[in-house]
Every structure is written in structure tokens, then in C-alpha cells.
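Please read the structure below before turning to the comments.
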Amino acid sequence: MLERKAKMWQKIAAAAVSFALLILIWQLAAMNPQFSQVMPGPFAVLQKFFVSFVEPIGKNVMLQHMLITLSRWAAGFIAATILGIALGLTMGWYRGFEAFMRPLFELVRPIPTLAWIPLVILWCGIGELAKYVLVFIGAFMSIVQNAYHGAKSVDRTIVNAARMLGCNDRQMFFTIVIPASVPAISAGLQIGVASAWSSVVAAELVRSSSGVGWIVVTGQQNNNMTQILVGILVIAVIGLLLALLIRRVEDVLCRWNKRGR
Amino acid sequence: MQMEQTRKIEKNIITLEHVDKEFEKVKEGGVFEVVKDLNIKVRENEFLVLFGPGQCGKTTILNMIAGFEEPTAGTIRMKGEKINGPDPSRGMVFQNLAIFPWLTVMGNVEYGLRMKGVDKKTRREKAQYYIDLVGLKGFENHYPIQISGGMKQRVGIARAYCNEPDVILMDEPFGALDAQTRYLMQDEIIRIWEAEKRTVIFVTNNIEEAVYVADRIIVIRNCPTNVKAEYEINLPRPRSYIDPDFLKLRREINNVVDHTL
């Protein structure tokens, strides 16, 4: 137990050192006047970050920008999760539906989210709906793909065991296929979270009047390097937190799959 | 004469008549004869052991009795009715466990009753009885990943019994256990069978195990499989591995069985 704790602290220390080194090198570089023209130092960025919670960038303060982007992300991601899992599991479990749906899905799947942007803007305008749709597309493909593989690879003897115990077709889907696919679904959600987050930022970069992507793109337009970096920092931190959140959800859903929990 | 006939029909719970099973050879084409003209009569409440060399089609025989696979020719009847797909009246304990990893010990054991729509209180009580019977008291809320191989196999046994089938099929249930656990489980399975008289068809490739547990041993010929010899084992229980009668029978059967590499 003590040893494990010591190992944990070693890991934290190692991570802290790498962060400290990055900041140190960045700061040393920024002290060169030529470099600081294009790249403000880390403390200037951090200061701007904290100030932006009180002083608005554009019409909103930072927290509002964050919440706006997060709500766009959530709307698209939740829709993608529900529909993606439903489609993936159905396609993976029912042969007939698979034969019907899979070729179409395989054709659409490799299209990068960015390639959808012009079409989505023409269809949905430049409002909120277009952003939801883009986030949806970003997350949907990997969620479907993983749920599909989950349902496809349910252990044959587990299925036989359930049939032998008297479960009918409907019970098979709900009490065997769904729980057996949870680890695969979680893997899909992990990927989906990240791609949904990139999609929402991409959508805001292209057309928006608020949100963290907008902070970055207006920073570019105003030649405000500090604002760009603040935007990128916020994108990184929220992306990381979302990934951690989904991992937490996975831990709860898959506790039967992890030794010692 | 008439009386005699009726009595005999009642005594045999399962009959296999001229059963053939062929598998298509996918690569080379043609068929692979696994079972050829197999005739077996299973008596009610007996502990029947199907004994034969590895890979000789024993599992295929069990899978056909369970209803997971259909014979290519011949018929398999249970209580006079042709077997048509898996049914809760025939339980199975699987070689590779096939217990549901996302359900606790309790969840696994009560699964069959839950599918039947038995109310929670009744099925919990019944499941608890079988959990106690197999010696898993105190582990009800453990997930399979948290318990040992021998305990997992006990879950499989309790799950099969809890569904109250007429016949329990056991497919080399102790094959993956270490030697000590295996001896222990052989005693356990006899104890459970004596407490809960049901017909057991037990497949093994271990000759001591066969003689130790069986009322009757059917020696299976190597592929294509059918009955090579049959032994009534009238040794009193509990049996001993070093009893002279035990060793005599063991030697006798050993001389009859096909040895394969």
C-alpha cells in the first residue's frame, strides 16, 4: 500500500517536472524580445486567462464561452451516443439489418467531419443547429463502429448459456448483447468524446460569434497572440476533463470487467 | 409385455437413435463425419459419463442433446419428444464456464428464473438455496472476475441447477481446474447430485474422473464417434482412487479406449 502510494507520488513528480520544463523553456524563449513579438510568455497567457473570467472577450466572459461550447458539444454528443449505440448494436446483432445497413455506413464512415461543414452549413444555416449536427457527425461514426463490434463479438457460449436458461430473443438483446457490449461501447465513447470536441471547435472556427473556438479565431483576426493561446489552453483543458469524465463513467459501467474493484 | 414396454419408456429420459453429425470442411470441401450411428439411452436420474479420447466429438454430442446443434441424421428425443433447439428443461455446465461476467454470483444463478418472470423474492430465495448448496455462501455479490476458477465453475453448476432442469449436461466442467480443485469438485458434484436427484450427463476425457463419479460409463470411439463399450459402475460411494476394485475397472476401461495423439 505504502509502496503504491510512493509510486503514485513518483509519477506525479515526473509529470510536474515535464510541465515545469515546458514553462521554463517557454518563459526563457519569451524573454528574447524578437520571439516575444509572436509568442507571449506563459505568465502573460495565464494572466489573460484569469482576467478573461471577469473582463469579457467579445460579448461574453470566459465561463460563458466555455458553457456555450460545452452545451453545443453536449447536444451533439448525447444525440450521437443514443442513436449511435442503438444503430451499432442493432447492426451488430441482427444479420439482416447488418446486410442492409453496413455497406452504407462503411461508405459514409471515412468522410472526415470537416468535409461535412459546407454541406451542413448549406442545409442548416450558420446557427446552432449546424454545430450540433457537426458534433453529432464527429462522435457518431466511432460510437456506431465500436458498438457494432461489441455486439458482433459477443461470446458464442455466453449466448448459448442464455438460450439454455430460457431467454427469448428480446431478452437476449437486452440482457446479454447490451451488457456484453459495454466495454466496446465505452471505447467508442472515449473516441467519440475527443472527436466531438474537435468538431465543436472546428465548427466554431468556421462560423460563430461565441465559444472557445471563436476566441481562437478572433484572436487570429485581431493579431492577438495571447488570446489565441488562452483559447487553445482552454480547449486543451476542457478536452482533457471530458476524457476523464467519460473514463469515470466507463469505470462505473465496467466495474465487473476490472480486477480488484 | 405392455406393462414392461411402458416402464422402459419412462425409465429412459433421453434417447439418441442412429444419430449422425457431419460438418462441412470449409477449406477442402466435402464433409467431416464427427458422429456416426450413435445410439444412447439415458436413464432417469442416473449419473452418466461419456468418456473418450480428446477431440472425439463428445462436446458435439452434448451440443446436440442441448439443442445447440442439429444432428445430420437420426433423432434425439427427450421424454419421447424430439429435441428442437435449446430448452430450460436441459441445463448445461460449460467447459469454458460461460458465466455472465457483468452479473454477480447471485445475478448469474437467478438469471434463468428472472427470464421466466419469477418475482424477485422467490427467485432470490431459490438462488440462495443453490448458492449455499454449491458452497458459495458469502460470495453472492462478487463479480466472476473476483473469484477463483473453481468458484466460477460452482456458479455455473448452481446456475444450471437453479433453473430446475430435468437433465444437466456437463461438458468437461473440471477440465480447466488444477488437480487438487478437480478432486474436490468431483466430490462436490456427487454431493450436489445426491442432494438434488436429476439426470446428469457428464463428459470427460479423464479416466479416473469417469470411474470416480459415474453410475454408468459409455466409452466413446474416436471419430467418427459412437459407442464402443459400456460399464455399470456399482462401486459404493464415496469412492477411493486406490481401492483395488476401482483400479481394476480403471485398467479394464483403459484397455478398451482408443488412444490418440
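This structure is a prediction, so every number in the text was calculated from the model and none was measured. Lettering of chains follows the sequences in order, A, B, ..., and the numbering in each one begins at 1.
Note that the NZ atom of B/Lys116 and the CD atom of A/Gln171 stand 11.5 Å from one another [nearest 0.5 Å]. From A/Arg255, atom CZ reaches atom CD of B/Gln146 across 9.5 Å, with rounding to the nearest 0.5 Å. For the atom pair A/Ile158 CD1 and B/Trp102 CH2, the distance stands at 5.0 Å (nearest 0.5 Å).
Heavy-atom neighbours of chain B within the stretch residues 134-156 of chain A, taken at a separation under 4.5 angstrom, are nonexistent. Scanning residues 71-87 of chain B against chain A with a 4.5 Å non-hydrogen threshold yields B/Pro86, B/Asp87, sorted by number.
In the displayed structure, B/Glu70 atom CD is contacted under 6.0 Å by at most 12 heavy atoms of other residues, nucleotides or ligands. A 6.0 Å sphere centred on CD of B/Glu24 holds no more than 12 heavy atoms belonging to other residues, nucleotides or ligands. Counting heavy-atom neighbours within 6.0 Å of B/Phe23 CZ, excluding the residue itself, gives a total above 12. Sparse packing is recorded around NZ of B/Lys41, with 12 or fewer heavy atoms of other residues, nucleotides or ligands lying under 6.0 Å away. Summarising the local packing, CG of A/Asp169 is surrounded by 12 or fewer heavy atoms from other residues, nucleotides or ligands at distances under 6.0 Å.
Nearest heavy-atom pair, A/Met164 versus B/Arg90, reported as atom, atom and distance to 0.1 Å: CG-O, 3.4 Å. The shortest non-hydrogen separation linking B/Tyr111 to A/Leu165 is CD2-CD1, 3.7 Å. The two residues B/Pro88 and A/Gly166 come nearest to each other via the heavy atoms CG-CA, 3.6 Å.
Both the backbone and the side chain of B/Phe100 come within contact range of chain A, each with at least one heavy atom under 4.5 Å from a heavy atom of that chain. In this structure, the portions of A/Ile176 lying under 4.5 Å from any heavy atom of chain B include both its backbone and its side chain. Heavy atoms closer than 4.5 Å to chain A are found in the backbone of B/Ile99, but not in its side chain.
Contacts with chain A were tallied for B/Met92, B/Met115, B/Gln95; B/Met115 has the most, counting heavy-atom pairs under 4.5 Å.
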